[in-house]
Amino acid sequence: MQRRKFIVLLGGTAVAWPLAARAQQPTIPVVGFLNGASAWEYAYVVGAFRQGLKETGYVEGQNVAIEYRWAEGHYERLPTLVADLLSRHVTVIAANAPAAVAAKAATTSIPVVFVTAADPVKIGLVASLNRPGGNLTGVALLSVELAPKKLQMLHELVPTVRTVGLLVNATNPNAETQSRDLQVAAQDLGLQLHVLHANSESDFDKAFAAMAQLRVGALVIGTDGFLNSRSEQLATLAMRHAMPAIFQYREFTAAGGLMSYGTSLTDTYRHVGIYVGRILKGEKPADLPVQQATKVELIINLRTAKALGIEIPPTLLARADEVIE
């Protein structure tokens, strides 16, 4: 009888061991990926983010989980999306500028790694670039600062055009800065600038119709997560309206846009992934200085230029980092 009891107890213990072992296994950290744009057009960015995580030793599905939230261009949804991520007890949040503003308003404890085209100090994300303080750090793009240079290149390309347009998303924190800086640049070049707004797809046709009425002859597209995610659509519309246009990222030019001048978005998100990985390893965002992406690329679509009847000046062509033929 005693032997039988011992066997039963041993069997019970044998069952309990693996249960106890499973209970002791640490849960993997959860990263929140929050963006104001759309998933289907930002797949390449997500891939770069995962690559950055991998470089620090984290692989999605193995030792880290990622919760993705997309506002689809509706920035008013961001506070709700942030709240949802916080309810899921994420360890750190990766966010573009509008999403980071919403995250900063919602938490002072969960680390946030941002991407912003605006000055992160001016829009209140960090106290300083070298010593961010608080729970936010990230990567600042050379973007808003490049807007006057984009206008200058566009003027070099179509020097007879005297009226130009700037398309911005008015709900973006950097829209006012972009508009103000480009107005100054336009005056210096003797150009008239009209600022047009688009924060949804339904606004695009209205904006291009307004440009036709205003006799806008060339277009600068402002930097914004929603506009970035509609690069292909904007390239198509610019061609349909025979509008010479310049944008921030290569994806616009690859989709048929005329010209792009700016930093690499994929490289930027790779650095965000690296910072998220370092925070998962125990570093604090307050001790991680905001990185500044300084490499810029000029991409020209020669095929689009020919379709628009534009001859690229040799001096501009010589400065191009890439020519799409």
Side-chain angles (χ1 to χ4, degrees), residues 36 73 75 97-98 117-119 122-123 141-249 252-253 255-262 298 300-301 304-305 307-310 313 316:
Y75 291 170
D119 184 328
K122 286 184 179 179
I123 63 175
L141 298 167
L142 280 176
S143 176
V144 174
E145 302 88 341
L146 297 178
K149 184 67 174 178
K150 293 177 196 172
L151 182 60
Q152 181 181 337
M153 288 181 175
L154 200 58
H155 179 56
E156 187 176 348
L157 190 63
V158 283
T160 59
V161 169
R162 310 311 304 170
T163 304
V164 295
L166 170 64
L167 184 67
V168 297
N169 182 347
T171 64
N172 191 299
N174 67 25
E176 183 178 348
T177 301
Q178 289 187 75
S179 302
R180 184 178 61 249
D181 291 350
L182 217 63
Q183 285 284 9
V184 173
Q187 289 175 5
D188 291 342
L189 292 170
L191 303 175
Q192 183 179 10
L193 179 75
H194 293 285
V195 180
L196 303 111
H197 298 153
N199 59 3
S200 67
E201 289 189 24
S202 62
D203 292 331
F204 289 155
D205 287 334
K206 298 175 187 175
F208 276 90
M211 281 186 267
Q213 290 182 342
L214 294 168
R215 300 184 182 278
V216 168
L219 174 66
V220 177
I221 302 173
T223 301
D224 168 74
F226 166 67
L227 297 178
N228 297 346
S229 69
R230 298 297 186 274
S231 292
E232 185 173 348
Q233 187 175 353
L234 287 167
T236 301
L237 282 168
M239 279 296 295
R240 184 185 303 163
H241 291 269
M243 179 71 68
I246 186 169
F247 197 21
Q248 172 84 0
Y249 301 114
F252 172 75
T253 318
L258 176 61
M259 191 161 53
S260 62
Y261 183 70
L298 170 62
I300 298 174
N301 192 316
T304 300
L308 292 172
I310 296 173
L316 191 60

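The structure presented is a predicted model; accordingly, all values stated were derived computationally and were not measured.
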If I take atom CG from residue Leu234 and atom CZ from residue Phe247, how far apart are they, to the nearest 0.5 angstrom?
6.0 Å
Just checking Glu176: does its CD atom have more than 12 heavy atoms from other residues, nucleotides or ligands closer to it than 6.0 angstrom?
no
Enumerate the residue pairs fulfilling side-chain hydrogen bond (donor to acceptor under 3.5 Å, both in side chains) with a member in residues 146-155, sequence neighbours excluded, ordered by first and then second residue.
Lys150-Gln248
For Arg180, look at atom CZ and say whether over 12 heavy atoms of other residues, nucleotides or ligands are found less than 6.0 Å away.
yes
How about Pro98 and Asn172: do any of their side-chain heavy atoms sit closer than 4.5 Å?
yes
If you take all heavy atoms of Leu193 and Ala186, which pair is closest and at what distance?
CB-CB, 3.9 Å
side-chain contact (heavy atoms from CB on, under 4.5 Å) for Leu157 and Leu316? Distances and angles first, verdict last.
CA-CA 8 Å; Leu157 190 63; Leu316 191 60; 4.0 Å; yes
Please report the interatomic distance CE(Met153) to CG(Leu146), rounded to the nearest 0.5 Å.
8.5 Å
Taken to the nearest 0.5 Å, the spacing of Leu167 CG from Leu237 CG works out to 10.0 Å
Could you please spell out the steps behind the side-chain contact (heavy atoms from CB on, under 4.5 Å) verdict for Leu219 and Met211?
CA-CA 9 Å; Leu219 174 66; Met211 281 186 267; 3.7 Å; yes
Quick one: are Ile300 and Thr253 in side-chain contact, heavy atoms under 4.5 Å?
no
Search all heavy atoms of Val158 against all heavy atoms of Ala218 and return the closest pair with its distance.
CG2-CB, 4.1 Å
d(Gln233 CD, Glu201 CD) to nearest 0.5 Å is 4.5 Å
Could you measure the distance from the OG1 atom of Thr304 to the CG atom of Leu258? Nearest 0.5 Å is fine.
6.5 Å
So which heavy atom on Ser179 is nearest to which on Val195, and how close?
OG-CG1, 3.7 Å
Kindly indicate whether the side chain of Leu151, heavy atoms from C-beta on, has any atom under 4.5 Å from the side chain of Leu189.
yes
Checking the side chain of Gln178 only, and the main-chain atoms of Thr223 only, is there a donor and an acceptor separated by less than 3.5 Å?
yes
Under 4.5 Å between any side-chain heavy atoms of Val161 and Leu191, yes or no?
no
Got a second to check how far Asp205's CG is from His241's NE2, nearest 0.5 Å?
6.0 Å
Answer yes or no: is there a side-chain heavy-atom contact under 4.5 Å between Tyr261 and Ile246?
yes
Minimum heavy-atom distance Ala245-Ala238, with the two atoms named:
CB-CB, 4.2 Å
Does any N or O in the side chain of Arg162 come within less than 3.5 Å of the main-chain N or O of Gly190, such that one atom is a donor and the other an acceptor?
yes
Heavy-atom closest pair (Pro244 atom, Gly217 atom, distance to 0.1 Å) is CD-O, 3.3 Å
Are Leu227 and Phe204 close enough, and set up right, to give a side-chain contact (heavy atoms from CB on, under 4.5 Å), and what steps lead you there?
CA-CA 10 Å; Leu227 297 178; Phe204 289 155; 3.8 Å; yes
Exactly one candidate in Asn199, Thr171, Asp224 meets side chain to side chain donor-acceptor pair (under 3.5 Å) with Tyr75; the answer is Asp224
Got Ile221 and Tyr249 here, is their nearest side-chain heavy-atom distance under 4.5 Å?
no
Any side-chain heavy atom of Leu166 sitting closer than 4.5 Å to one from Val168?
yes
What do the steps show when you test Val216 against Met243 for side-chain contact (heavy atoms from CB on, under 4.5 Å), and what is the final call?
CA-CA 8 Å; Val216 168; Met243 179 71 68; 4.2 Å; yes
Within the supplied structure, the quantity of interest is the number of heavy atoms (other residues, nucleotides, ligands) at a distance under 6.0 Å from Glu232 CD; does it exceed 12?
no
Gly256 and Met239: which non-hydrogen atoms are nearest, and at how many Å?
O-CG, 3.9 Å
